[in-house]
Amino acid sequence: MTPITLSIAERFGNAFIQEQRYMQYINGFLNTLKITGGALILGIIIGVLVVAVRTSFDKNKESMKLRGGLGYYLLALLNGICKIYLTVIRGIPVVVQLMIMYFVIFSFSSNGVLVGILAFGINSGAYVAEIFRAGIMSIDEGQFEAGRSIGFNYVQTMRYIIIPQMFKAVLPALLNEFIALLKETSVAGYVGVIELTKAGNIIGGRIFDYFIPLGIVAVIYLATVMLLTWLVGKLERRLKKSER
């Protein structure tokens, strides 16, 4: 009996319940969460380091140039490296970066999840850095002057005055990056990782029916994104209340 002659309930049972296929969706979704969570943490760390170098150079280059010394040239070198990183990472599709990481740089490793975390984390770091940088640059210059007027140095001004305001401003953009990262992990199947999309694709191939398996995958992604949007919405409302 071909899949198309079966009822929707029978096709669903075949794609989800028989042979405990629901476990493949669960395991695939867990791999998706592992890659997304690990990549997000790595991306934020890289983003913070990159934006720290770039904003420090942009805000202090004139005064450091006047003073001279090794510090200025070291910061200028790091700033140049960060610019190259941003240009290269944002200019190459993430699936190509993933394949280079797995088949070239880490060809000795068969741990696709770890390689996926590294590849997606490095990719996400470039976008997170620009999100943070845009947030910092949007803060009025008077806030920096206010920090200096009460005796704060640059680091203290960033920590106590600029960063809290920046976080509130970039939260929606950071959510969009997290959602994009979650969906981008669907290409991890190119390197043999059985994440959620790959699990649905494998099940569809086994039962010769892709409609129900990929429909289940789509619903799981949609529900996850809606949950994340709701949680961040609550966080935004709480942050607004704290301003009053």
Transitive ILVMFWY cluster of Val219, excluding itself - 4.5 Å side-chain cut-off: none
Over 12 foreign heavy atoms within 6.0 Å of CZ, Phe103: yes
Hydrophobic cluster identity match, Ile202 and Tyr221, side-chain contacts under 4.5 Å: no
Pairwise side-chain contact, Thr36 with Phe120, heavy-atom cut-off 4.5 Å (strictly under): no
Test item: Thr185 side-chain N/O and Leu182 main-chain N/O as donor-acceptor pair under 3.5 Å: yes
Nearest non-hydrogen partners of Ile117 and Ile35, listed with the distance: CG1-CA, 3.7 Å
Backbone of Ala126 reached by a side-chain donor or acceptor of Tyr85 within 3.5 Å: yes
Validation row: Glu130, Arg54 side chains within 4.5 angstrom (heavy atoms): yes
Any donor-acceptor pair under 3.5 Å from Arg21 side chain to Asn14 backbone: yes
From Asn31 atom CG to Thr197 atom OG1, the distance as rounded to the nearest 0.5 Å: 11.5 Å
Over all atoms of both residues, closest heavy-atom pair of Ile212 and Phe12: CG2-CA, 3.8 Å
Ser186 side chain to Lys183 backbone, donor-acceptor under 3.5 Å: yes
Pairwise side-chain contact, Ile203 with Tyr25, heavy-atom cut-off 4.5 Å (strictly under): yes
